[in-house]
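Only heavy atoms go into these numbers, but all of them, side chains included; no hydrogens, no water, no symmetry mates. Source: prediction; values computed, not measured. All residue numbers in this chain count up from 1 along the given sequence.
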Amino acid sequence: MNQRSYLFLIGSVILTIIILCGCGYNHFEDKIIEDNDITKITIYKNGDNEGPFVIKDKKVISQIIQKINSSPRKDISKIVFERGPDGRMIFEGENSKFEVGVFSDSGNVVTKKYYIHSALNLME
């Protein structure tokens, strides 16, 4: 191979790496929940038999939202659940309301698009 072929090959490899890194980065940059105006989280566990548990502490709300937004996630369309989430979390703000399903035992969250390995501690 001549020098021109090597340069083309190196350029192609670098471009491919940049594209792959960009795709992976954007996937987790997509926020599930915007925490700008969330002022309250209401949690129901075990099929609404436990709760409601209401959280109004802004610091705790931000920590929960950050944990959900930064946790690994899987496309929900590729998962078959034997049993769905047994709880729910309702995020409320002045101009927004957002609900997610939650597995009380693991603390993992389900949205319309994702299964999120958030491992929230719902026992506290």
Side-chain angles (χ1 to χ4, degrees):
M1 288 169 78
N2 60 24
Q3 184 180 8
R4 194 172 192 181
S5 297
Y6 282 122
L7 289 176
F8 178 75
L9 179 63
I10 290 171
S12 297
V13 169
I14 291 172
L15 183 60
T16 302
I17 291 170
I18 291 171
I19 290 171
L20 290 175
C21 289
C23 291
Y25 178 76
N26 287 335
H27 175 72
F28 288 103
E29 187 64 24
D30 179 32
K31 289 186 177 181
I32 300 298
I33 302 168
E34 292 289 336
D35 67 346
N36 298 343
D37 74 333
I38 301 296
T39 56
K40 178 171 82 168
I41 299 175
T42 306
I43 302 172
Y44 295 90
K45 298 190 314 183
N46 298 320
D48 290 352
N49 291 327
E50 293 183 47
F53 302 100
V54 178
I55 300 170
K56 291 186 177 180
D57 183 326
K58 185 64 177 166
K59 183 178 177 182
V60 174
I61 290 170
S62 292
Q63 289 172 343
I64 291 171
I65 291 172
Q66 192 276 331
K67 178 85 169 167
I68 291 171
N69 286 340
S70 65
S71 294
R73 55 185 93 152
K74 291 184 181 177
D75 186 339
I76 195 83
S77 67
K78 298 177 181 174
I79 300 174
V80 177
F81 292 105
E82 185 175 311
R83 191 177 53 115
D86 61 336
R88 57 194 176 114
M89 297 177 74
I90 303 166
F91 297 83
E92 296 179 71
E94 189 174 313
N95 300 312
S96 62
K97 186 173 184 178
F98 186 77
E99 184 173 326
V100 298
V102 64
F103 290 89
S104 298
D105 58 343
S106 67
N108 292 337
V109 172
V110 176
T111 68
K112 292 178 182 177
K113 290 178 157 184
Y114 301 110
Y115 175 74
I116 305 167
H117 296 273
S118 53
L120 297 171
N121 184 357
L122 299 177
M123 300 304 161
E124 294 180 350

*Asks:* Roughly how far apart are Ile38 CD1 and Lys58 NZ, rounded to 0.5 Å?
*Replies:*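 So the CD1 of Ile38 and the NZ of Lys58 are separated by 7.0 Å.
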*Asks:* Between CD1 of Ile64 and CG of Leu120, what distance do you get to the nearest 0.5 Å?
*Replies:*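 Ile64 CD1 to Leu120 CG: 6.5 Å, rounded to 0.5 Å.
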*Asks:* Just to verify, what does Lys78 make a side-chain contact (heavy atoms from CB on, under 4.5 Å) with, not counting sequence neighbours?
*Replies:*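 Partners of Lys78 by the side-chain contact (heavy atoms from CB on, under 4.5 Å) criterion, ordered by chain and then number, come out as Asp75.
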*Asks:* Taking all atoms of both residues into account, what is the closest heavy-atom pair of Ile76 and Tyr114, and its distance?
*Replies:*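 That would be CB-N, 3.9 Å.
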*Asks:* Counting only N and O atoms by type, is there a donor-acceptor contact under 3.5 Å from the side chain of Asp37 to the main-chain atoms of Gly93?
*Replies:*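 No; zero donor-acceptor contacts below 3.5 Å.
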*Asks:* Rounded to the nearest 0.5 Å, how far does NZ of Lys97 lie from OG1 of Thr42?
*Replies:*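 Rounded to the nearest 0.5 Å, the OG1-NZ separation comes to 8.0 Å.
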*Asks:* When rounded to the nearest 0.5 angstrom, what distance separates CG in Asp105 from NZ in Lys45?
*Replies:*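 Here the interatomic distance stands at 10.5 Å.
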*Asks:* When clusters are formed by joining ILVMFWY residues with side-chain heavy atoms under 4.5 Å apart, either directly or through shared neighbours, do Val102 and Val60 land in the same one?
*Replies:*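 The answer is yes; both residues are in one hydrophobic cluster.
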*Asks:* Checking Phe81 now: which residues fulfil ring-ring contact (aromatic ring centres under 6.0 Å, His included) with it, not counting sequence neighbours?
*Replies:*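 For Phe81, the residues satisfying ring-ring contact (aromatic ring centres under 6.0 Å, His included) (neighbours in sequence not counted) are Phe103, Tyr115.
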*Asks:* Is there a path of hydrophobic side-chain contacts, each under 4.5 Å between heavy atoms of I, L, V, M, F, W or Y residues, that connects Val109 with Phe53?
*Replies:*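 Yes; Phe53 is reachable from Val109 via cluster members.
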*Asks:* Give the cluster check for Ile55 versus Phe98: same hydrophobic cluster or not, with ILVMFWY residues linked at side-chain heavy-atom distances below 4.5 Å.
*Replies:*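 Yes, one cluster joins them.
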*Asks:* Please give me the minimum heavy-atom distance between Ser104 and Asp86, naming the atom from each residue.
*Replies:*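 In terms of heavy atoms, the two residues are closest at N-OD1, 2.8 Å.
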*Asks:* In Å, rounded to the nearest 0.5 Å, how long is the span from CG of Asn69 to OG of Ser118?
*Replies:*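 It comes to 10.5 Å.
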*Asks:* Once rounded to the nearest 0.5 Å, what's the spacing between atom CE of Met89 and atom CD of Glu99?
*Replies:*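 One finds 11.0 Å between CE of Met89 and CD of Glu99.
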*Asks:* Would you name the heavy atoms of Phe91 and Ile41 that are closest together and state the gap between them?
*Replies:*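 Scanning both residues completely, I find the closest heavy atoms to be CE2-CD1, 3.4 Å.
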*Asks:* Does the Thr39 side chain pair with the main chain of Lys56, one donor and one acceptor, at a distance under 3.5 Å?
*Replies:*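 It does not hold such a pair.
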*Asks:* Over all heavy atoms of both residues, which pair between Ser71 and Ile116 is shortest? Give the atoms and the distance, please.
*Replies:*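 Distance-wise, the nearest heavy atoms are CB-CG2, 3.7 Å.
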